[in-house]
Asker: 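Dropping a structure here in structure tokens format, bear with me for questions.
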Amino acid sequence: MYERKSRPCAGRHVRRFRRRLPLYMFVLAVAAFVLAFAFPQEDPAAMTPFLPVKALSSGLPGTVPSPEGQGVEPDIPSGGVEDGEWMLTLVNPWNPLPEDYTFTVKALSNGHSVDERCYPDLQDMMDACRREGLSPVICSSYRSMEKQTELFQNKVARLMARGLSRENGETEAAKSVARPGTSEHQLGLAVDIVDVGNQSLDSSQADTAVQKWLMEHCWEYGFILRYPEDKSGITGIIYEPWHYRYVGKDAAAAIYESGMCLEEYLAGTAV
């Protein structure tokens with residue numbers, strides 16, 4: 001049988017390494033110190049995929065912006081939830097989604113979903129629009145917090161790719177994509193509806209036959225055009241001639257007849 005020979009030199013190497021270990025550690029510490037200054041870490045805030053809702057929300061919680069863009073504090077009920085007026089829950093850049101807000105999701109035939117309580121009126125509205133020979137298409141509906149975060153951060157990333165800082169990118173992105181926790185789509189009461197012949201989410205949508213019909217008749221089914229062209233200073237959102245919000249038939253009729261937006265209507269009814 002082969003007999004393995006001892007290797008006494010291995011013991012000398014180990015002892016030599018142990019004697020020099022403090023020196024090696026000192027050299028590594030110096031190298032790490034130098035690298036830290038040569039390549040400083042990025043600001044942790046800039047590396048965060050998304051910020052908490054409260055950190056992202058501008059303005060004062062519980063307020064709505066005035067036409068001049070300044071926060072005012074009218075006696076607006078907290079979305080009417082305590083009074084059971086779920087359809088009037090206010091969600092905007094100044095009023096995040098209530099933490100305890102819940103509802104039952106109703107799936108639509110095209111894969112989208114809404115709060116089941118607004119589904120019958122939504123179906124009636126879509127059917128009525130189709131009876132006029134039009135072709136409305138729901139392209140966006142209920143969104144989870146994760147989905148809204150993904151959409152917002154994608155918009156911020158595109159703006160940063162154009163040269164904007166993260167802070168400026170978030171500010172600009174919030175004009176067209178609500179910050180996570182401040183989107184009406186998270187209520188399950190908002191739908192984006194387009195004409196099958198023009199599915200671009202831009203101002204051209206207002207000229208389609210579908211939008212002209214919806215703007216004239218949506219209130220009959222409890223919906224309102226949520227972000228009118230002349231109300232951006234109040235809603236904090238650009239003109240969106242495709243975004244409809246369920247508020248119930250009584251409120252929708254009052255808002256349509258008065259020309260107010262939801263923020264103005266809630267401030268008025270709270271007086």
Side-chain angles (χ1 to χ4, degrees), residues 57 59 64-67 69 76-77 79-81 85-98 101 103 112-115 117-119 121-122 125-126 129 136-143 148 151-152 173-195 201-203 205-206 208 210-269:
S57 300
V64 296
S66 69
I76 295 180
V81 176
E85 297 295 333
W86 52 271
M87 72 283 288
L88 293 178
T89 301
L90 180 63
V91 172
N92 62 15
W94 297 266
N95 296 268
L97 183 76
Y101 190 85
F103 62 93
H112 288 283
S113 57
V114 295
D115 184 327
R117 294 170 292 188
C118 74
Y119 173 76
D121 287 333
L122 173 61
M125 182 173 72
M126 298 294 283
C129 186
V137 176
I138 294 177
C139 65
S140 186
S141 54
Y142 166 66
R143 298 176 193 157
Q148 190 64 34
L151 293 174
F152 183 76
K175 295 178 182 178
S176 55
V177 181
R179 297 173 186 268
T182 68
S183 171
E184 283 198 330
H185 285 285
Q186 294 179 247
L187 285 171
L189 300 176
V191 287
D192 291 345
I193 305 176
V194 296
D195 191 305
L201 296 182
D202 56 34
S203 59
Q205 193 63 220
T208 65
V210 162
Q211 299 305 343
K212 290 179 179 179
W213 187 91
L214 287 173
M215 289 180 191
E216 183 177 354
H217 296 283
C218 67
W219 63 273
E220 300 170 15
Y221 304 90
F223 286 84
I224 59 172
L225 180 67
R226 181 64 176 91
Y227 305 119
E229 187 171 16
D230 58 344
K231 302 294 184 179
S232 296
I234 300 176
T235 65
I237 302 296
I238 63 170
Y239 176 40
E240 292 191 355
W242 57 82
H243 183 109
Y244 294 87
R245 157 70 191 270
Y246 188 77
V247 294
K249 293 181 179 180
D250 291 341
I255 290 173
Y256 177 79
E257 293 171 1
S258 66
M260 295 186 292
C261 62
L262 181 58
E263 283 82 0
E264 293 173 309
Y265 173 75
L266 290 176
T269 58

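The structure presented is a predicted model; accordingly, all values stated were derived computationally and were not measured.
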Asker: I'd like to check the salt bridge (Lys or Arg N to Asp or Glu O under 4.0 Å) partners of D195; sequence neighbours left out, ordered by chain and number.
Answerer: none
Asker: If you compare all heavy atoms of P241 against all heavy atoms of L225, which two are closest, and at what distance to 0.1 Å?
Answerer: CA-CD1, 3.9 Å
Asker: Please report the interatomic distance SG(C139) to CG(D192), rounded to the nearest 0.5 Å.
Answerer: 5.0 Å
Asker: Is a side-chain N or O of H185 found less than 3.5 angstrom from the main chain of Y142, in a donor-acceptor match?
Answerer: no
Asker: Can you see which heavy atom on S232 is nearest to which on Y239, and at what distance?
Answerer: OG-N, 3.6 Å
Asker: Just distance, no hydrogens or angles: give the donor-acceptor pairs under 3.5 Å from side chains in residues 211-223, sequence neighbours left out.
Answerer:
{"from": "Q211", "atom 1": "OE1", "to": "Y244", "atom 2": "OH", "distance (Å)": "2.7"}
{"from": "Q211", "atom 1": "NE2", "to": "I193", "atom 2": "O", "distance (Å)": "2.5"}
{"from": "Q211", "atom 1": "NE2", "to": "Q205", "atom 2": "OE1", "distance (Å)": "3.2"}
{"from": "H217", "atom 1": "ND1", "to": "E220", "atom 2": "OE2", "distance (Å)": "2.9"}
{"from": "W219", "atom 1": "NE1", "to": "E216", "atom 2": "O", "distance (Å)": "2.9"}

Asker: Specify the closest pair of heavy atoms between P93 and T235, including all atoms of both residues, with the distance to one decimal.
Answerer: CD-O, 3.5 Å
Asker: Got a sec, which residues hit side-chain hydrogen bond (donor to acceptor under 3.5 Å, both in side chains) with D250, two or more places apart in sequence or on another chain?
Answerer: none
Asker: Apply side-chain contact (heavy atoms from CB on, under 4.5 Å) to R245 and L262, showing your working.
Answerer: CA-CA 9 Å; R245 157 70 191 270; L262 181 58; 3.7 Å; yes
Asker: Compare every heavy atom of L189 with every heavy atom of D115, then report the nearest pair and how far apart it is.
Answerer: CB-CD2, 3.7 Å
Asker: Using the side-chain hydrogen bond (donor to acceptor under 3.5 Å, both in side chains) criterion, which residues pair with Q148? Sequence neighbours excluded.
Answerer: R143, S183
Asker: State, with a plain yes or no, whether a side-chain heavy atom of E184 is found less than 4.5 Å away from one of Y227.
Answerer: yes
Asker: Check whether any side-chain heavy atom of Y101 lies under 4.5 Å from a side-chain heavy atom of L187, and answer yes or no.
Answerer: yes
Asker: Please report, to 0.1 Å, the donor-acceptor pairs under 3.5 Å made by any side chain of residues 254-261, with sequence neighbours excluded.
Answerer:
{"from": "S258", "atom 1": "OG", "to": "A254", "atom 2": "O", "distance (Å)": "2.9"}
{"from": "S258", "atom 1": "OG", "to": "I255", "atom 2": "O", "distance (Å)": "3.3"}
{"from": "S258", "atom 1": "OG", "to": "M260", "atom 2": "N", "distance (Å)": "3.2"}

Asker: Taking C-beta and beyond as the side chain, do M125 and D121 meet within less than 4.5 Å on heavy atoms?
Answerer: no
Asker: Report yes if the side chains of V114 and I138 come closer than 4.5 Å at any heavy-atom pair, otherwise no.
Answerer: no
Asker: Sequence neighbours excluded, which residues qualify as side-chain hydrogen bond (donor to acceptor under 3.5 Å, both in side chains) partners of K175?
Answerer: E172
Asker: Which value, rounded to the nearest 0.5 Å, describes the distance between S176 atom OG and E240 atom CD?
Answerer: 7.5 Å
Asker: Specify the closest pair of heavy atoms between A252 and I224, including all atoms of both residues, with the distance to one decimal.
Answerer: CA-CG2, 3.8 Å
Asker: Before giving the answer on side-chain contact (heavy atoms from CB on, under 4.5 Å), spell out for W86 and Y246 the whole-Å C-alpha distance, their side-chain angles and the decisive distance to 0.1 Å.
Answerer: CA-CA 10 Å; W86 52 271; Y246 188 77; 3.8 Å; yes
Asker: Are I237 and R226 close enough, and set up right, to give a side-chain contact (heavy atoms from CB on, under 4.5 Å), and what steps lead you there?
Answerer: CA-CA 9 Å; I237 302 296; R226 181 64 176 91; over 6 Å; no
Asker: Identify the heavy atoms of A178 and F152 that sit nearest to each other, and give their distance.
Answerer: O-CD1, 3.7 Å
